Chemist: 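Have a look at this one.
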Amino acid sequence: MQVPAIPFLTTSVVFFLLFIFSTLYFLAKLYRRCPSNKILVVYGRVGGSRTVMCYHGGGTFVWPLIQGCTYLDLTPRTIHIPLKGALSHQNIRVNVPSTFTVAIGLTPDIMNNAAIRLLDLDHRSIESMATEIIIGQLRLTVASLRIEEINQDRERFLESIKKNIEPELHKIGLTLLNVNITDITDESQYIESIGQKASATAVNQAKVDVAEQEKQGDIGKALAEKDRRISVASFHAEAVKGENDSKAQIALANAILAEKEAVASQKSQVAKQQAEAEIQKARALAQTELLAADQIVPQEVAKKKIEIEAAAEAQKKILVARGEAEAILSLKEAEAQGIQKLLDAKAQGYRRLVEACGNDAQSASTMLLIEKLEEIVKLQAEAISNIKIDKITVWDSGSADSAKGGSSTANFLNQFVKSLPALHDVTALAGLQLPPYLGKIAQEEAPLKTK
């Protein structure tokens with residue numbers, strides 16, 4: 001049994017699909033994606049003068065043999081700094097316990113620094129390096145400030161810390177996220193003394209404020225009693241005066257109200273009379289308009305209708321007459337154009353016929369009449385066709401006419417043919433002359449001679 005061979009085209013397609021799948025699988029293995037909480041570091045031959053390429057998010061192809069890759073963690077790290085005995089600007093040793101939160105930066109320069117300096121370090125090594133940098137810069141910051149500035153103006157203190165520490169952390173690829181100062185103390189209890197002084201000052205000021213407020217309270221109480229009595233008496237007087245003024249105003253208001261009521265009543269009567277008159281006028285006007293609407297308006301409408309119908313009928317007749325005139329004019333113009341074209345065609349034919357006859361007009365007219373000769377003969381035949389000849393009787397007595405070369409019957413037929421219009425006569429009436437070989441008519445009546 002012979003196994004059928006696979007067609008070459010099918011084999012090529014299978015190998016092509018395998019090649020595409022292998023290529024896609026190979027490229028998928030080479031593609032590295034970067035999570036959002038990490039930095040993808042590609043090292044080796046990355047192009048140009050750079051030694052590493054850093055990616056945050058997205059991904060890239062990492063080619064084997066010539067490139068490698070790893071990840072840097074972006075998780076923030078909390079570093080506790082129990083700073084003790086740091087000299088301030090006043091040479092007073094202070095304790096500044098604080099907590100710093102750091103992480104790898106996301107700007108391109110900081111990511112490159114982290115890839116160069118922190119790539120193979122573990123979390124403990126990175127925290128140790130950051131702690132040394134923070135302690136050194138924190139001591140430098142404390143040395144540039146006074147105790148009052150450190151203790152009271154915490155915002156300025158924190159800004160100074162960030163200004164001194166953050167650039168140093170950027171050099172190794174870290175950035176400062178947060179700074180928290182817990183409690184500031186000193187060995188000479190200077191800060192505590194400042195607090196006690198502030199507390200005593202506040203207590204004394206509070207006592208002074210209390211006494212001042214008590215004094216103000218007594219004075220205010222006396223002034224309030226005085227003002228109360230004056231206000232009560234004044235209010236009583238104003239109340240009596242107000243009552244009198246109210247009574248007078250009530251009387252005046254009553255008088256004004258009565259006057260206004262009288263005026264209003266008068267105006268009401270006048271308005272009522274005027275309204276009655278207006279009502280009567282309106283009724284008369286309404287009746288007039290109703291009469292006009294019932295009688296005059298229908299007549300006007302009928303009149304307008306008749307005028308419109310008459311105008312429409314006149315316009316219709318005008319349009320019909322105009323259309324008929326235009327149709328007649330168009331028909332006549334078409335007939336005139338047809339006649340003109342027919343005459344032009346006949347003239348052109350006659351001109352060509354004359355040219356064909358050697359420009360001999362007589363020969364041309366002869367040719368035309370020859371064409372019509374059959375029709376002329378037909379008409380001549382029709383002229384005698386209605387003559388009824390029931391019978392022809394020929395009595396041949398054998399007279400002397402036989403001696404002249406014919407019988408009486410032959411002479412009768414000869415005379416009968418002569419009684420018909422001769423062909424030469426017909427052509428002569430038409431203005432034609434037959435050719436010489438057809439014979440000529442003598443001046444005297446004689447038999448037709450042929451050559």
Side-chain angles (χ1 to χ4, degrees), residues 36 57 155 209 212-347:
S36 60
E155 186 176 356
D209 293 340
E212 181 67 27
Q213 292 299 321
E214 289 178 353
K215 182 184 76 170
Q216 294 294 332
D218 294 337
I219 294 172
K221 183 178 180 181
L223 292 174
E225 182 65 23
K226 174 186 175 182
D227 292 338
R228 185 185 67 80
R229 291 180 179 180
I230 294 171
S231 298
V232 170
S234 176
F235 287 148
H236 280 296
E238 289 181 358
V240 174
K241 182 181 178 181
E243 289 178 358
N244 296 331
D245 292 341
S246 298
K247 291 178 180 179
Q249 290 178 359
I250 289 171
L252 179 61
N254 290 332
I256 294 173
L257 177 61
E259 181 181 358
K260 289 184 177 179
E261 287 179 351
V263 173
S265 178
Q266 181 182 3
K267 289 183 177 179
S268 175
Q269 293 295 330
V270 174
K272 186 176 181 180
Q273 296 297 329
Q274 291 179 351
E276 287 292 338
E278 293 295 333
I279 290 172
Q280 295 298 330
K281 291 181 180 179
R283 286 178 179 175
L285 181 60
Q287 291 178 356
T288 303
E289 292 180 352
L290 180 61
L291 179 62
D294 290 340
Q295 298 181 4
I296 298 175
V297 173
Q299 295 178 2
E300 292 291 335
V301 171
K303 179 181 177 182
K304 291 290 184 181
K305 183 178 180 181
I306 293 171
E307 291 178 354
I308 293 172
E309 291 177 352
E313 185 66 23
Q315 185 68 24
K316 177 181 178 181
K317 291 181 179 180
I318 291 172
L319 294 176
V320 170
R322 185 180 299 172
E324 292 177 354
E326 290 179 355
I328 294 171
L329 180 60
S330 300
L331 180 62
K332 295 301 181 180
E333 289 180 353
E335 291 178 355
Q337 291 178 0
I339 294 171
Q340 181 65 36
K341 290 182 179 180
L342 180 62
L343 294 176
D344 292 340
K346 286 184 177 182

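Note that the structure is a prediction, hence the values are computed from the model and not measured. Residues: numbered from 1 along the sequence shown.
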Chemist: Identify, with sequence neighbours excluded, every residue that meets side-chain contact (heavy atoms from CB on, under 4.5 Å) alongside I279.
Modeler: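 Per chain and number, I279 pairs via side-chain contact (heavy atoms from CB on, under 4.5 Å) with R283.
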Chemist: Give me each pair satisfying side chain to side chain donor-acceptor pair (under 3.5 Å) with a member in residues 330-342, each pair once, sequence neighbours excluded.
Modeler: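 Non-adjacent pairs meeting side chain to side chain donor-acceptor pair (under 3.5 Å): Q340-D344.
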Chemist: If a pair satisfies side chain to side chain donor-acceptor pair (under 3.5 Å) and one of its residues is in residues 302-321, list it, with sequence neighbours excluded.
Modeler: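 For residues 302-321, and leaving out neighbouring residues, there are no side chain to side chain donor-acceptor pair (under 3.5 Å) pairs at all.
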Chemist: Measuring from L319:CG to E326:CD, what's the distance to the nearest 0.5 Å?
Modeler: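 One gets 9.5 Å once the value is rounded to the nearest 0.5 Å.
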Chemist: Tell me, please, which residues at least two apart from I250 pass side-chain contact (heavy atoms from CB on, under 4.5 Å).
Modeler: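 side-chain contact (heavy atoms from CB on, under 4.5 Å) check on I250 returns N254.
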Chemist: Got a sec, which residues hit side-chain contact (heavy atoms from CB on, under 4.5 Å) with K241, two or more places apart in sequence or on another chain?
Modeler: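 By the side-chain contact (heavy atoms from CB on, under 4.5 Å) rule, K241 matches D245.
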Chemist: Scan for salt bridge (charged side-chain N to carboxylate O under 4.0 Å, His left out) pairs involving residues 222-236, sequence neighbours excluded, and state none if there are none.
Modeler: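 Of all non-adjacent pairs touching residues 222-236, those that pass salt bridge (charged side-chain N to carboxylate O under 4.0 Å, His left out) are E225-R228, E225-R229.
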Chemist: NZ/K267 to CD/Q274 distance, rounded to the nearest 0.5 angstrom?
Modeler: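 So the gap between those two atoms works out to 11.5 Å.
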